[in-house]
Structures are given as C-alpha cells and as structure tokens.
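Report on the following structure.
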Amino acid sequence: MAGNSASVRGSFGSKFGVIAAAAGSAVGLGNIWKFPYITGVYGGAAFLFVYLGFIVAIGLPVMISEFTIGRKARKNAFGSFKKLAPKTPWYVTGFLGVGAAYLILSFYGVVAGWAMNYTVEALKGSFNGKTPDELTSFFTSFIASPFKPIFWQLSFMFLTGLIVIMGVQKGIERYSKLLMPLLVVILIILMFRSMTLPGASKGLAFLFKPDFSKLTWEGVLSALGHAFFSLSLGMGTLITYGSYINNKNNLGKTALQVTLADTVIAIFAGMVILPAVFAFNIEPGAGPGLVFITLPNVFLQMPGGYFFSILFFILLTVAALTSSISILEVVVAFLSEELKMSRRIATILAASSIALVGAFCSLSMGHLDYAIFLGKNFFDTVDFFSANIFLPFGGLFISLFMGWHLGRKKTLKELSNHGEIKIWYIKPLIFSLRFIAPIAIFIVSIYGIYENVVSYLASLN
Ligand code: PFF
C-alpha cells in the first residue's frame, strides 16, 4: 500500500538519486558562504570541533529520524505528524516546519541572488583593478540598491520554481544528479588552487588548531544552529524527502552518507576560503561579506584569479539551487497534499509569495534599514530566528517524537525495513533522541538566547 501511494505522490528513482537530492539539500550556502565566515567570527578550530560534536551526537540521529518519519508516513512534513500521531498536537511540529521553510527560503533566495549576480560580474571582469575599499563599497552598494538584488533574487526563485514544478523525479532528482557532481569537481579544483598558495598553512592552522578560550555561548549556539541549518534539519525537509524514498533503502546508511558529504564539503569550503584569506593577510572574521568582498580581493591577487572567481560563484549558485528546491518542496508538498492544490499551482503560489517576503529581506539591507528589531534588521532577524530558534526547536520536537512517541519498537521496524537489516545502533540512537538531543538543544538554546538578549541590552547603554 505504501509503495502505491508513494508512486502516486512521486518518488526518487535510484539510490544515487536519493543521495544526490538529500546531499544537494544539505550542501548549500550554509557550507560555502556561512560555514567559513562563522568559523572565522567564532574563532576557528574550537568552533569547528563543537560543531562536529553536535553533528555526530544530535545531527545524525535527527536526520535518521526525519527520514524514518517521512518514509513511514509517506506524507509532507505536516501530514506526517498528523498521520503518525492522530488527534494529538504533534502536527504543530510539522506546521512550524512549513513556516520555517517559508522564512528560510525568503532570505536564502536573496543571498543566492547575490551569488548569481556575482557570477555575471566575475564573467564581466568587474573586480579588475578595484582596491579592497572599492570592492567593499561595490558589495555594500549592490545589496543596498532597491532593484538589482531583487531582480536576481526573483530570477533565482524562478529557477527554483521551475525545477520543483517538474516534479520529484524529473525535476528535483534529475537536476541534483547533474549539479552535485559538478559542484564536487569545482570545489576540488578550487581547493587545489587555494592550498598551493604561498602562506596557505596559516589558514589551515586557523581551521584545525583549536583555542577553546575563544569560545562563547553565542558561538556554541551558532554551532548548534548551524549543524541544523547545514544538514537541512528541524523543519521537515528530510521528512518530505524521506517520504519519497523507497522501502528497500537503508535509511541509516543514507543518513550517514549525507552527513559525511555535508561535513566534508563544509571543511573543503573552509580549506578553499581560509587559506586564501590568510595567504593575502585578510581578516577571517569579516562576516557575511567574506565570500563577496574578501574573496574577489583574493582572486584579484592570485594567478588565474579571473577563471577561479567565475568557477567559485558558479559553485555558490549551484549549491544554493539544489538546497532551495528542497526548501520549496516542503511548502509545495504541504500545499498540494493538505490543501489539495495541483503541484503547478502550489509551486507558483509558494514561490511567488516567498519571493515577496524575500524582497523585503533584500530591501532591509538598504531602503528599509530603519526597521530594526532587537538590534537586527529584517534580514538578520529572519536569519537568526529561523536558523537559531526554529530549527533547533523543530529538532527538539522531532527527537522527542521519535524517542518517546514512536518509540524503540516502531522505529526499529521502519529503520530495519521490517527486520531485513540489522540496526546495531538502535540503543545509542534512541538514547540520543530521548535524552542527549533534547536536553542539549534546550540548554544551548536558552543560554544562547539569554546571551543575545543581554548583549543587546548592554549595547543600548
Ligand atoms: N542546508 C542548506 C545549506 O547548508 O545551505 C540550507 C537549508 C536547506 C536549511 C534546507 C534548511 C533546510 F531545511
């Protein structure tokens, strides 16, 4: 029966297709744009180690849970909870997930639009002959201008919608299978270039030699939030994708492969960006502008920089696209299954309304920058709340749902494909879902939010 309904709903066609789509979702701006700069901001290797700890102890168990919930229910994020826990409030988790998807894509599309614009600028050779100060104002005046970034954000959302409209296998899976290998090849070429620059080793030391005295609670919260963000967890993306995975797939193995791919690619991205930044004596804690200001600067000074700058921004755009389709699919699957819309109408409605909210995110960098909430503009507020609050709390509820509501027996049945595969890790998995993940998420979130509010209040005086 499950197989039947899956084929009506759309499903992934092959094992590689599942990996490409799920790793495509996980690997995105989070890995290439965000990971290197937050590693820079929070002090390097110490942050990386905390992040890796969260990936293993919390991320992997939550990813296995999302796949399991989705495949068992064969429904969208909201419908899955309703089906597996009828007449209980668990569906709120799915509902929050759809909301988080909506918000995340609205600012994600803006940054992806920047990446598209920078691909074109790189092609035109626009960075040539610019001083570091000129590159800074090139970026800041671009993102603050009213039309250009919105034009690119809309173009990006259009591409995203186009792929999603084609369906799970003919759209999402096909393009992920095409784009993910391209991404890996470009990344490896860039890594080679960066690591062979004179002075690159300082960047590697920054990335791999920890100094735990630099770590703050805010850094720990960001590491947790980023573990969720980077693995695409906490809002039902992988529940939705899980619902398209066939009954023979080894979900635990798939989750492990996706987690490894995401982590390795983030570290590779760090190895592209940080050695280059150090080789040219640039500040690694430059923040969100790191890849848009610092890197063009680096490319200008490096042999072959014109060519590598084009490759880099294509890489960024491709990575963003395979992630944004997964985010849009959360909303589209919800609208089409729960509100009985056709895929086409659901996609048009979701993509265009998200683009509208995104336009406000974009404008908040310039014309609407007076709208400040807790010291942050609209863009930063959406980023902060969705990544650091919605996703971890979504992950907390998903852990509790699997650990306590579904419980060990039902989880084991689904995860082992009804007894076909041996699940040696069921004990630590359930233990993490019942205790480690929820308690750690709770403590880290509360402390992190507290520290944020305190530092905001202090900034008022
Ligand atoms: N994982 C993506 C990235 O690292 O860029 C972003 C993302 C996709 C976050 C899907 C959340 C999500 F559900």
Side-chain angles (χ1 to χ4, degrees), residues 20-39 51 54-55 59 62-63 65-67 69-70 76-78 93-94 96-115 156 160 163-164 172 176 179-180 183 187 222-243 255 258-259 261-270 288 291 315-334 350 354 382-395 398:
S25 168
V27 175
L29 295 173
N31 303 59
I32 300 165
W33 167 67
K34 211 169 177 189
F35 173 77
Y37 93 70
I38 53 176
T39 304
Y51 170 74
F54 284 141
I55 294 275
V62 173
M63 188 183 294
S65 305
E66 291 210 16
F67 281 151
I69 292 169
N76 63 85
F78 172 85
T93 307
L96 288 179
V98 176
Y102 202 94
L103 286 181
I104 286 189
L105 190 50
S106 64
F107 85 86
Y108 205 82
V110 174
V111 181
W114 299 348
F156 180 81
T160 305
I163 296 179
V164 169
I172 297 174
S176 302
L179 296 174
M180 284 309 285
L183 177 146
L187 191 66
S222 295
L224 179 71
H226 190 64
F228 277 97
F229 185 83
S230 189
L231 292 175
S232 299
L233 297 175
M235 61 184 222
T237 302
L238 298 183
I239 293 180
T240 310
Y241 273 16
S243 75
V258 172
T259 302
D262 186 68
T263 308
V264 168
I265 290 182
I267 292 177
F268 279 11
V291 304
L315 170 76
L316 202 58
T317 307
V318 164
L321 191 58
T322 53
S323 299
S324 63
I325 53 181
S326 75
I327 308 177
L328 186 60
E329 180 65 19
V330 172
V331 185
V332 168
F334 166 76
I354 290 170
V382 171
D383 179 1
F384 179 82
F385 276 92
S386 49
N388 293 355
I389 295 176
F390 276 161
L391 297 188
F393 277 96
I398 290 168

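Numbering of ligands and ligand atoms starts at 1, following listing order.
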Check whether Ser25 reaches the backbone of Ser326 with its side chain - one donor and one acceptor, N or O, closer than 3.5 Å. no
Ligand-side contact atoms (ligand 1) for residue partner Ala26, heavy atom cut-off under 4.0 Å: 1 (N), 2 (C), 3 (C), 4 (O)
Look at the side chain of Ser230 and the backbone N and O of Ala227, then say whether any donor-acceptor pair between them is shorter than 3.5 Å. no
For Val27, is at least one N or O under 3.5 Å away from an N or O on ligand 1? no
Does the side chain to side chain contact (heavy atoms under 4.5 Å, CB included) test come out yes or no for Phe393 and Thr93, once each step is laid out? CA-CA 9 Å; Phe393 277 96; Thr93 307; over 6 Å; no
Which residue and atom name correspond to the protein heavy atom nearest atom 5 (O) of ligand 1, and how close is it? Tyr108 OH, 2.5 Å
How close does the nearest protein non-hydrogen atom get to atom 1 (N) of ligand 1, and which residue and atom is it? Phe229 O, 2.8 Å
If you have a sec, work out which protein heavy atom is nearest atom 11 (C) of ligand 1 and how many Å separate them, to one decimal? Ser232 CA, 3.7 Å
Does the side chain to side chain contact (heavy atoms under 4.5 Å, CB included) test come out yes or no for Ser232 and Val258, once each step is laid out? CA-CA 10 Å; Ser232 299; Val258 172; over 6 Å; no
Ser323 (side chain) donor-acceptor with Val27 (main chain) under 3.5 angstrom: yes
Using a plain distance cutoff, I'd like to know if Thr237 has any nitrogen or oxygen under 3.5 Å from a nitrogen or oxygen of ligand 1. no
For ligand 1, which atoms have a heavy atom of Ser230 less than 4.0 angstrom away? 1 (N), 4 (O)
With atoms numbered from 1 as shown, which atoms in ligand 1 lie under 4.0 angstrom from a non-hydrogen atom of Asn31? 4 (O)
Element-labelled atoms of ligand 1 that are located less than 4.0 Å from some non-hydrogen atom of Ser25: 1 (N), 2 (C), 8 (C), 10 (C)
In terms of relative ring orientation, are Tyr108 and Phe229 parallel, tilted or perpendicular, with 30° and 60° separating the classes? tilted
Can you tell me how far the CG atom of Asn31 sits from the CG atom of Leu315, to the nearest 0.5 Å? 10.0 Å
Just jot down the ligand 1 atoms closer than 4.0 angstrom to any heavy atom of Leu29, in number order. 5 (O)
Going by distance only, is there an N or O of Leu231 that falls short of 3.5 Å from an N or O of ligand 1? no
Please check if the side chain of Tyr241 supplies one atom and the backbone of Glu329 the other of a donor-acceptor pair under 3.5 Å. no
